[in-house]
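For reference, positions follow the sequence shown, starting with 1.
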Amino acid sequence: MNTTIRSYFPILDQEINGHPLVYLDSAATSQKPIQVIEALEKYYKFNNANVHRGVHTLGNRATDDYEGAREKVRKFINAASTQEVIFTRGTTTSINTIASGYGRQNIVEGDEIVITYMEHHSNIIPWQQLAKEKGAVLKYIDLEPDGTISLDTVRKVVTPKTKIVSVMMVSNVLGTINPVKEIAKIAHGNGAIMVVDGAQGVPHMKVDVQDLDCDFLAFSGHKMCGPTGIGVLYGKKAILENMEPVEFGGEMIDFVGLYESTWKELPWKFEGGTPIIAGAVGLGAAIDFLNEIGLDTIAAHEHQMARYAMDQMSTIDGLTIYGPKDEMKRCGLVTFNLDDVHPHDVATVLDMNGIAVRAGHHCAQPLMKWLEATATARASFYMYNSEEDIDALVKGLRVAKEYFNDVF
Ligand code: PLP
């Protein structure tokens, strides 16, 4: 499947440092297929105008494109209505909107907010800030030794005092696929709402918000073949209707008086200012592309990539792999360390061989502490990667190992 799919991604057809590019950093941002690039080009060449206020033809075309993209997102995550789909800048903005909007209105002193040790900073800091402001208690769900979450632990941490549970669908470091549907049941059973950070889930597997029964879902377009600068905040209509906007200005108002104003209906009351029109158009094209390939096909391919990568990488002496060893419990990424070599040095040698991986704390410093690692390297796969890419990675790691054995 990958030769055809790979040919849709023009950026992959190049050499880096004299070697064919092996792109293994899709968890940071995915590459963009020609279909998305052309949709952006077409929008800017033929349809660009501001939305929702023009009576002219271009304004109507841009509005149709923008609202058409919202319907594509609705269908993609099976939201009940487009009123539940808000365009944002990405996962970070979406979670901040929940914390500043829903959180500020609903959290009081002594309430509990529950997250896990594996969260990305984007799903930690907004809650830390909210807890500080309101005198609420931020609690962490501990992890099992293999980097998974036990529902028994969730049941112990979530209590009737808990008002918000916020958990990532898939870990950007461990690759773990979390049981967010079951966690949502526990949250609801205690009267809390369930927030899902879908940044690493939505691009890689079929997500149905009605089946998950989450109250909010946040994700980013750029990790799912779309452009940067566009993301989604899904929220249940009943909750969003009672939630105050967090950004005020043009586009989101109904009536403006000298001292009082009223807001537009959902979803526009949460989209102050000129929206990210081209970004939404690009995201719509990305969703068409993902649907064409099929989320089930993508998920199956990634499980296979994870298995192959873990098997091949385990043949290297001194290489530690983090996260569950069962490929069905994880998505297509493998985080590792090689001997005592700093992951930045490993990544630099790999780059000299044309291989792009990520190194650092991956915006998950509490998890690094839990792993007792200051930093790690991460190879992450998407539908355009193949076993040959993993073979190149393993070869590159052997070169790095030899190089550092000689140096130290
Ligand atoms: N949550 C997770 C799990 C992520 O992996 C990321 C990005 O890597 C984010 C949140 C933040 O996404 P963004 O930077 O697109 O807002």
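Below 30°, between 30° and 60°, or above 60°: for F289 and Y8 the angle between ring planes is above 60°, a perpendicular geometry. Taking the six-membered ring where tryptophan is involved, the planes of Y66 and F87 are tilted, since the angle between them lies from 30° to 60°. Between W263 and F248, the two ring planes are tilted [angle within 30° to 60°].
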Which is it for K206 and D296 under the salt bridge (Lys or Arg N to Asp or Glu O under 4.0 Å) test, yes or no, and what are the steps along the way?
-> CA-CA 7 Å; K206 186 90 202 94; D296 290 341; over 6 Å; no
Going through the distances and angles, do T148 and T176 end up as a side-chain hydrogen bond (donor to acceptor under 3.5 Å, both in side chains)?
-> CA-CA 6 Å; T148 57; T176 319; over 6 Å; no
Applying side chain to side chain contact (heavy atoms under 4.5 Å, CB included), run through L143 and L367 and close with a yes or a no.
-> CA-CA 10 Å; L143 312 181; L367 177 60; 3.8 Å; yes
Check step by step if side-chain hydrogen bond (donor to acceptor under 3.5 Å, both in side chains) holds for T153 and D142.
-> CA-CA 7 Å; T153 312; D142 203 353; over 6 Å; no
Check against salt bridge (Lys or Arg N to Asp or Glu O under 4.0 Å), K72 and D288 = CA-CA 8 Å; K72 286 180 189 181; D288 289 342; 2.8 Å; yes
So Y140 and V157, side chain to side chain contact (heavy atoms under 4.5 Å, CB included) or not? Walk me through it.
-> CA-CA 8 Å; Y140 284 82; V157 180; over 6 Å; no
For I390 and M310, run side chain to side chain contact (heavy atoms under 4.5 Å, CB included): C-alpha distance rounded to whole Å, both residues' side-chain angles, the deciding distance at 0.1 Å, then the answer.
-> CA-CA 10 Å; I390 292 167; M310 286 191 290; over 6 Å; no
Please test R378 against L333 for side chain to side chain contact (heavy atoms under 4.5 Å, CB included), starting from the C-alpha separation and ending with a verdict.
-> CA-CA 7 Å; R378 177 187 71 194; L333 64 88; 4.2 Å; yes
Dump the intermediate steps for salt bridge (Lys or Arg N to Asp or Glu O under 4.0 Å) on R74 and E71, then the final yes or no.
-> CA-CA 5 Å; R74 184 205 66 74; E71 169 57 18; 2.9 Å; yes
Check the pair E112, K139 against salt bridge (Lys or Arg N to Asp or Glu O under 4.0 Å), reporting the backbone distance first and the verdict last.
-> CA-CA 7 Å; E112 295 171 357; K139 289 168 75 179; 3.2 Å; yes
For H204 and Y382, what are the C-alpha separation, side-chain angles and deciding distance, and is it a ring-ring contact (aromatic ring centres under 6.0 Å, His included)?
-> CA-CA 8 Å; H204 305 283; Y382 212 6; 4.9 Å; yes
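With rounding to the nearest 0.5 Å, the separation of CD in E84 from OH in Y234 is 4.5 Å. Between K185 atom NZ and M194 atom CE the span is 12.0 Å, to the nearest 0.5 Å. With rounding to the nearest 0.5 Å, the separation of CD in Q31 from CG in L12 is 6.0 Å. Here CH2 of W268 is found 6.0 Å from NE2 of H52. Values are rounded to the nearest 0.5 Å. With rounding to the nearest 0.5 Å, the separation of CD1 in I107 from NZ in K163 is 7.0 Å. T97 contributes atom OG1, which lies 6.5 Å from atom CE of M243 (distance to the nearest 0.5 angstrom).
A salt bridge is defined here as a Lys NZ or Arg NE, NH1 or NH2 lying under 4.0 Å from an Asp or Glu carboxylate O, and D13 with R6 fails to meet this definition. A salt bridge links D152 with R155: at least one charged nitrogen is closer than 4.0 Å to a carboxylate oxygen. Taking 4.0 Å as the cut-off between side-chain N and carboxylate O, R70 and E67 count as a salt-bridged pair. With salt bridges taken as basic N to acidic carboxylate O contacts below 4.0 Å, none links D254 and K264. Electrostatic pairing of K181 and D211 counts as a salt bridge here, judged by a charged N lying under 4.0 Å from a carboxylate O. Here K395 does not pair with D391 in a salt bridge; the nearest charged N to carboxylate O distance is not below 4.0 Å. A salt bridge links R104 with E133; the closest basic N to acidic carboxylate O contact falls under 4.0 Å. Under a 4.0 Å N-O distance rule, the pair K401/D339 qualifies as a salt bridge. Comment: K42 does not engage D65 in a salt bridge, judged by the lack of any side-chain N to carboxylate O separation of less than 4.0 angstrom.
In this structure, the side chain of N78 does not engage the main chain of K75 through any donor-acceptor pair within 3.5 Å. A donor-acceptor pair under 3.5 Å is formed between the side chain of D326 and the backbone N or O of M328. Between the H188 side chain and the A184 main chain, a donor and an acceptor come within less than 3.5 Å of each other. Between the side chain of S380 and the backbone N or O of A27, at least one donor-acceptor pair lies under 3.5 Å. Using a distance-only test at 3.5 Å, with no hydrogens or angles considered, a donor-acceptor pair links the side chain of K269 to the main chain of E241. Under a 3.5 Å cut-off, the side chain of N50 and the backbone N or O of G59 do not form any donor-acceptor pair.
Neither side chain, D146 nor Y322, offers a donor N or O lying under 3.5 Å from an acceptor on the other. A donor atom on one side chain and an acceptor atom on the other are found under 3.5 Å apart for N48 and Y43. Side-chain polar atoms of T91 and S122 form no donor-acceptor pair below 3.5 angstrom. Residues N385 and Y23 bring no donor and acceptor atom of their side chains to less than 3.5 Å of each other. With hydrogens and angles left out, the side-chain atoms of H222 and S30 include no donor and acceptor closer than 3.5 Å. In this model, no donor atom of one side chain and acceptor atom of the other lie less than 3.5 Å apart for T162 and N190. At a cut-off of 3.5 Å, with distance as the only test, a side-chain donor of E119 or T116 sits close to an acceptor on the other residue. Side chain to side chain, N123 and S166 meet the donor-acceptor criterion of an N or O pair below 3.5 Å. A side-chain donor-acceptor contact under 3.5 Å links Y384 and S26.
Listed here is the closest heavy atom pair of G226 and V36: CA-CG1, 4.4 Å.
Counting heavy atoms of neighbouring residues, nucleotides and ligands inside a 6.0 Å radius, atom CD of E109 does not exceed 12 of them. For Q14, the CD atom sits in a packed shell: over 12 heavy atoms of surrounding residues, nucleotides or ligands are nearer than 6.0 Å. For K161, the NZ atom counts as loosely surrounded, since its 6.0 Å shell holds 12 or fewer non-hydrogen atoms of other residues, nucleotides or ligands. Counting heavy-atom neighbours within 6.0 Å of E251 CD, excluding the residue itself, gives a total above 12.
Each of I115, I183, V114 was scored for a side chain to side chain contact (heavy atoms under 4.5 Å, CB included) with V167, with one residue passing: I183.
The salt bridge (charged side-chain N to carboxylate O under 4.0 Å, His left out) search around E41 returns K45, not counting sequence neighbours.
In this structure, F270 and L233 have side chains that are not in contact, with every pair of non-hydrogen atoms separated by 4.5 Å or more.
Aromatic pair H362/H120: ring centres not closer than 6.0 Å.
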